[in-house]
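The next block holds one structure in the form of structure tokens; read it before the comments.
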Amino acid sequence: MRLIVFSILGFFLFAANAHAASLYLKYKLYAVGLPIGSGTLNVGVNDGSYSVSGDGKTAAFGRLVSDGKGKVSAKGGVRNGLLSPESYALDLKSEDENGAVSMQLRRGKVDKVSVNPPQDRMKERIKVTPQHLDGVLDPLTAAVFHAPKGLTADSCNRTLALYNGKERYNVHLSYKSKRKASTADGRFKGNVLICRARYEPVAGHRPKRKSIQELAKNKSIEVWLAPIGKTQYLVPLRASINVPFGSLVVQAEKYKLKN
């Protein structure tokens, strides 16, 4: 459950004639207004290739969040403005979960997956089939939105087919509104898109698990998308979800762009 929640938040936690750009973002994670974690995201994208890397750490907060740290990376090609992932790697260490995931992809299809340690309770999970692994993105690549129409409703309205090496799920996005926003360091000030998001489990999950059922019913997830300079890409500036004890919010506080 933690992995899916933070995949969604992290995910919320990038064309022809697009300018090359490099972006550094620093985020903070808040639970009911209290800072409980931080992370960074580094993005490099040009006409032919892209790379994204991130790291983060959290402090224990009830049963939902434990002390932990992790790092993640993805890279691939750019074809007609669309990101085409080729590799994805995640290394996670926490009080109650340790593990590593690596994937190789080719033209939107998962070619090879390594999960260490392997998942448990496989008989309780919906089986992941080869059909599930065709036309997918990894969660980190999905954090970079190709948006040739800029800050318009069309840039929100889409469904992302995601696979994190263990579970296959969709994130359905829809336009909510537009507003002005800024980062604490003052380096970003401007309009952002606010998109609603809905999680849909597809395979690899345990359908009888209460937390999965609750997340699938949750209609509170939002993401704020901000432009990466003058490129045709957007990146999450803020993401939030309401949970039984309150809210979890990931907020970018530093935004450093290099063209």
Side-chain angles (χ1 to χ4, degrees), residues 1-13 25-41 54 56-68 70 72 90 92 94 96-97 137-145 155-164 166-179 181 183-184 192-202 204-207 209-226 234-253:
M1 174 62 174
R2 289 188 180 95
L3 181 59
I4 292 294
V5 169
F6 286 104
S7 290
I8 291 174
L9 291 179
F11 141 75
F12 290 128
L13 253 192
L25 289 159
K26 184 173 183 179
Y27 294 89
K28 282 193 176 179
L29 172 64
Y30 297 89
V32 293
L34 301 174
I36 62 168
S38 62
T40 64
L41 187 68
K57 58 183 179 180
T58 58
F61 189 89
R63 296 178 61 186
L64 186 68
V65 182
S66 60
D67 282 318
V72 61
L90 170 70
L92 180 66
S94 69
D96 57 359
E97 185 176 4
L137 295 173
D138 64 82
L140 193 58
T141 296
V144 188
F145 288 67
S155 296
C156 275
N157 297 333
R158 64 181 78 190
T159 294
L160 299 170
L162 305 181
Y163 183 59
N164 61 17
K166 296 181 178 181
E167 300 184 22
R168 169 72 176 82
Y169 56 99
N170 294 328
V171 174
H172 302 281
L173 296 162
S174 61
Y175 175 78
K176 180 180 179 180
S177 62
K178 186 188 296 186
R179 60 163 292 169
T183 51
V192 297
L193 281 179
I194 301 179
C195 308
R196 300 183 185 92
R198 182 173 61 84
Y199 162 78
E200 177 194 12
V202 175
H205 64 290
R206 292 154 53 197
R209 193 173 182 181
K210 184 178 179 180
S211 57
I212 291 291
Q213 296 172 355
E214 291 176 346
L215 186 57
K217 294 177 182 178
N218 196 311
K219 298 181 179 180
S220 70
I221 307 170
E222 289 185 359
V223 56
W224 297 11
L225 299 178
L234 306 176
V235 65
L237 202 70
R238 184 181 190 272
S240 62
I241 181 173
N242 293 333
V243 289
F245 67 80
S247 63
L248 284 172
V249 177
V250 176
Q251 176 76 51
E253 302 206 341

| said: A side-chain contact here means heavy atoms from C-beta on lying under 4.5 Å apart; do Glu167 and His205 qualify? | reply: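 Yes, close enough: below the 4.5 Å cut-off.
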
| request: Answer whether the closest heavy-atom distance between the side chains of Leu225 and Ser155 falls below 4.5 Å. | output: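 Answer no - side chains too far apart.
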
Rounded to the nearest 0.5 Å, what's the gap from [atom1] on [X] to [atom2] on [Y]? Could you check?
X: Cys156; Y: Lys178; atom1: SG; atom2: NZ; answer: 10.0 Å
X: Leu29; Y: Lys57; atom1: CG; atom2: NZ; answer: 12.5 Å
X: Thr183; Y: Gln251; atom1: OG1; atom2: CD; answer: 8.5 Å
X: Leu160; Y: His172; atom1: CG; atom2: NE2; answer: 9.5 Å
X: Asn157; Y: Arg196; atom1: CG; atom2: CZ; answer: 10.0 Å
X: Tyr199; Y: Asn170; atom1: OH; atom2: CG; answer: 10.0 Å

| task | Please test Arg179 against Ile194 for side chain to side chain contact (heavy atoms under 4.5 Å, CB included), starting from the C-alpha separation and ending with a verdict. | result | CA-CA 8 Å; Arg179 60 163 292 169; Ile194 301 179; 3.5 Å; yes

Kindly give the heavy-atom pair with the smallest separation between [X] and [Y], and that separation in Å.
X: Ala161; Y: Arg168; result: CB-NH2, 3.3 Å
X: Leu237; Y: Tyr27; result: O-CE2, 4.1 Å
X: Val235; Y: Leu41; result: CG2-CD2, 4.2 Å
X: Tyr169; Y: Pro201; result: CB-CA, 4.1 Å

| query | Can you tell me if Asn218 uses its side chain to pair, donor with acceptor, with the backbone of Ser220 under 3.5 Å? | reply | yes

| field | CA sep, side-chain torsions, deciding dist, call: Val72, Leu90, side chain to side chain contact (heavy atoms under 4.5 Å, CB included) | value | CA-CA 4 Å; Val72 61; Leu90 170 70; 4.0 Å; yes

| task | Carefully, step by step, assess Ile221 and Arg198 under the rule side chain to side chain contact (heavy atoms under 4.5 Å, CB included). | result | CA-CA 7 Å; Ile221 307 170; Arg198 182 173 61 84; over 6 Å; no

| said: Would Leu173 and Val223 count as a side chain to side chain contact (heavy atoms under 4.5 Å, CB included) here? Give the steps. | reply: CA-CA 9 Å; Leu173 296 162; Val223 56; 4.1 Å; yes

